[in-house]
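As structure tokens, the structure follows; a few thoughts come after it.
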Amino acid sequence: MKNDFFSKKITNWYLQHKRDLPWRNTQNPYYIWLSEIILQQTRVAQGMPYYYKFVNAFPTIQDLANAEENEVLRLWQGLGYYSRARNLHKTAKMVVEDYNGIFPKKYSELLKLKGIGTYTAAAIASFSSGEKVAVLDGNVYRVLARVFGETTDISGKDAKKVFTQLAESVLPDDNSAMHNQAIMEFGALQCTPALPNCMFCPLSMECIAYATGRVGVLPVKSKKIKVKERFFNYFIIEQNGNFAMRKRKGRDVWEGMYDFYLKECEENIQDLLYLATEDMFLTDLMKKSLIKRESITYTHILTHQRIQTKFWHLEVQENFLVDLPQELEWYSLNEVDDLPKSTLVNNYLKEFVF
DNA sequence: GAGGCGTGGCG
DNA sequence: TCGCCAAGCCT
């Protein structure tokens with residue numbers, strides 16, 4: 001295949017088939033950055049409403065930097081991978097303080113920022129200034145693996161080097177912005193993971209996977225995910241319309257999001273008395289409370305975890321004073337609504353409390 | 001550098 | 001129901 005043939009083909013295809021997406025109508029690195037962080041491991045349809053929410057709430061990077069972290073997380077609520085939102089906020093503050101509020105456009109500078117890795121730096125640099133750097137994301141892995149019959153395992157450690165070299169070899173000297181958009185859009189719409197329609201593909205004549213009947217097995221991906229089982233018992237502690245909640249900390253799911261008093265077990269425990277044994281706080285609480293609701297067991301699915309969860313909604317009687325553990329604090333219903341919460345917690349609140 | 005991090009959609 | 005995926009990054 002001639003050097004620029006590949007790029008010509010996909011950019012021509014792109015001009016005919018591209019979606020009109022809002023972040024493609026700007027060269028402002030701030031807006032491009034917002035869209036790229038939102039779209040990490042996320043479908044366009046899922047990320048789109050969040051892009052509009054963030055642009056409206058924070059028209060400039062100064063607006064984002066001046067916000068509270070909780071406000072940023074609350075806006076991100078429901079999108080998942082919440083470290084993206086925490087890093088988004090950190091980076092906004094850093095750009096305002098260290099870069100005079102001017103969002104960088106250079107690949108090497110972008111890489112220094114929290115939450116921006118090789119893919120995102122290449123995307124922002126090429127889209128905002130045309131810098132000649134090749135993007136390498138899931139789409140690019142797939143397109144290159146199929147067209148060039150590259151069988152290197154994309155979950156292995158050699159993959160990044162091998163595919164980066166391939167991606168750079170097809171990158172034209174000029175037009176890197178459109179080329180990068182094109183190869184990703186081509187992967188998203190034409191060279192899809194499952195059942196691509198190769199009859200309509202402009203590269204079917206050159207595609208090695210197609211010629212050798214290996215479209216279904218490329219790219220090679222050996223690593224399988226292991227799913228861990230977990231069992232949560234959430235205690236919704238309510239008194240006079242106020243709720244006891246805490247901000248999650250540490251290296252676990254939903255860091256920075258708010259939830260309730262939690263007892264995690266090795267198995268699904270249905271017995272409240274058993275849960276309270278050796279827990280002084282719960283034991284005391286049960287003397288002062290009525291069980292307002294005992295929920296069914298919900299199964300919340302994450303990529304690496306299946307969390308079986310039961311909610312115990314306790315209403316503390318008016319005349320009792322409850323000594324909350326360190327991390328818990330009382331919040332009114334309006335405050336609860338404003339706090340950032342996981343989808344698991346938010347779904348329960350939406351169904352039974354709000 | 002292998003493992004961890006969310007949610008929703010699809011076959 | 002289940003597994004895989006969707007514009008990756010951090011530790």
Side-chain angles (χ1 to χ4, degrees), chain A residues 18-19 21-24 32-51 73 76-88 90-91 110-127 134-143 153-161 163-164 167 177 180-189 191-196 216-217 219 221-230 248 250-257 259 298-307 340-347:
Chain A
K18 68 171 180 158
R19 293 166 291 183
L21 304 174
W23 46 85
R24 286 184 178 157
I32 294 170
W33 168 64
L34 281 180
S35 73
E36 290 302 335
I37 302 298
I38 286 170
L39 292 173
Q40 286 170 6
Q41 301 284 282
T42 303
R43 283 182 170 73
V44 166
Q46 194 186 356
M48 185 80 79
Y50 287 84
Y51 177 76
L73 283 171
W76 200 272
Q77 177 174 300
L79 195 56
Y81 283 145
Y82 297 99
S83 66
R84 291 183 294 172
R86 299 194 307 272
N87 286 332
L88 194 78
K90 278 183 205 159
T91 289
L110 289 160
L111 267 185
K112 298 174 184 170
L113 301 173
K114 276 280 188 190
I116 298 184
T118 53
Y119 161 75
T120 305
I124 299 173
S126 63
F127 300 160
V135 293
L136 180 59
D137 73 336
N139 290 308
V140 180
Y141 274 114
R142 186 171 57 256
V143 171
D153 185 349
I154 65 168
S155 51
K157 64 182 185 67
D158 305 333
K160 189 157 181 173
K161 185 185 292 184
F163 281 90
T164 296
N180 280 337
Q181 290 280 15
I183 191 170
M184 289 193 290
E185 190 80 333
F186 185 75
L189 301 182
C191 193
T192 52
L195 305 174
V217 297
K221 188 177 181 181
S222 68
K223 196 157 53 177
K224 305 294 179 201
I225 51 173
K226 274 187 184 168
V227 178
K228 181 177 162 191
E229 294 266 0
R230 298 178 75 175
R248 290 178 63 84
R251 300 182 295 279
D252 198 358
V253 290
W254 303 315
E255 183 182 348
M257 310 298 274
D259 65 358
Y298 297 94
T299 304
H300 192 80
I301 311 284
L302 286 66
T303 303
H304 294 272
Q305 304 184 23
R306 279 170 46 107
I307 306 181
K341 300 166 292 291
S342 69
T343 293
L344 172 63
V345 165
N346 197 47
N347 281 348

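Labels below follow one simple rule: chain letters A, B, ... track the order of the sequence lines, proteins then strands, and each chain is numbered from 1. Fair warning: this is a prediction, and the values are worked out from it, not measured in the lab.
- Minimum interatomic distance between A:V140 and A:A167 (heavy atoms only, all atoms of both residues): CG1-CB, 4.3 Å.
- Residue A:K226 is out of contact with every strand shown, counting any heavy-atom pair closer than 4.0 Å.
- Contact annotation for A:I116: backbone-only contact, meaning every heavy-atom pair under 4.0 Å involves sugar-phosphate atoms and none involves a base.
- Side-chain N or O atoms of A:R84 include one that pairs as donor or acceptor with a backbone N or O of A:I38 at under 3.5 Å.
- Judged by closest nucleotide on DNA chain C, A:L21 is the one of A:L21 and A:G115 placed further toward the 5' end.
- Legend: residues meeting side chain to side chain contact (heavy atoms under 4.5 Å, CB included) with A:L39, ordered by chain and number and at least two apart, are A:W23, A:V44.
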Quiz prompt | Secondary-structure notation, DNA chain B, from Watson-Crick and G-U pairs under 3.5 angstrom (| other strand) | solution = .||||.|||||

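- Nucleic acid contact class of A:W76 (heavy atoms, under 4.0 Å, all strands): none.
- Between A:I154 atom CD1 and C:dC4 atom C1' there is a gap of 12 Å when expressed in whole angstrom units.
- A close approach under 4.0 Å does occur between a side-chain nitrogen or oxygen of A:T120 and OP1 or OP2 of C:dC9.
- Here, C:dT11 and B:dG6 have their P atoms 14 Å apart, quoted to the whole Å.
- Atom CG of A:D158 is separated from atom C1' of B:dG1 by 13 Å (rounded to the nearest Å).
- Residue contacts for A:I32: at a heavy-atom cut-off of 4.0 Å it reaches no nucleic acid atom on any strand shown.
- With no hydrogens or angles considered, no side-chain donor-acceptor pair links A:Q40 and A:Y119 at under 3.5 Å.
- For the pair A:Q41 CD and B:dG4 P, the interatomic distance rounds to 16 Å; values are reported in whole Å.
- Listed pair A:Y82 / B:dT7 meets the phosphate criterion, a side-chain N or O lying under 4.0 Å from OP1 or OP2.
- Of the side-chain N and O atoms in A:K114, one or more sit less than 4.0 angstrom from OP1 or OP2 of C:dT11.
- A:R306 comes within 4.0 angstrom of sugar-phosphate atoms only, judged by non-hydrogen atoms across all strands, and of no base.
- Put simply, the side chain of A:Y50 does not reach to within 4.5 Å of the side chain of A:I37, judged on heavy atoms.
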Polar atom pairs between nucleotides 8-11 of chain B and protein, under 3.5 Å, N or O only, would you list them?
| residue | atom | partner | partner atom | Å |
| --- | --- | --- | --- | --- |
| B:dG8 | N2 | A:R43 | NH1 | 2.6 |

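- Not one N or O on the side chain of A:R230 forms a donor-acceptor pair closer than 3.5 Å with the backbone of A:Q305.
- Rounded to an integer number of Å, the gap from CG of A:D252 to P of B:dG3 is 18 Å.
- When atom types are taken as modelled, the side chain of A:S126 and the backbone of A:A123 share a donor-acceptor pair closer than 3.5 angstrom.
- Note that CG of A:N87 is 14.0 Å distant from OH of A:Y81, once rounded to the nearest 0.5 Å.
- Note on A:S35: nothing from the nucleic acid sits closer than 4.0 angstrom, heavy atoms only.
- Distances shorter than 4.0 Å separate some side-chain N or O of A:W254 from OP1 or OP2 on B:dT7.
- The distance between atom CG of A:L79 and atom P of C:dG8, rounded to the nearest whole Å, is 13 Å.
- Remark: P of C:dG3 and NE2 of A:H304 are 14 Å apart, rounded to the nearest angstrom.
- When every heavy atom of A:E185 is checked against every heavy atom of A:R19, the shortest pair comes out as OE1-NH2, 2.7 Å.
- Between the CG atom of A:L302 and the P atom of C:dG3 there is a distance of 15 Å, rounded to whole Å.
- Put simply, CD on A:Q305 is 9 Å from P on B:dG6, counting in whole angstrom units.
- Here the nucleotide nearest the side chain of A:K221, chosen from C:dC5, C:dG8, B:dG6, is C:dC5.
- Side-chain atoms of A:R142 come within 3.5 Å of backbone N or O of A:G187 as a donor-acceptor pair.
- At least one donor-acceptor pair under 3.5 Å links the side chain of A:N180 to the backbone N or O of A:V135.
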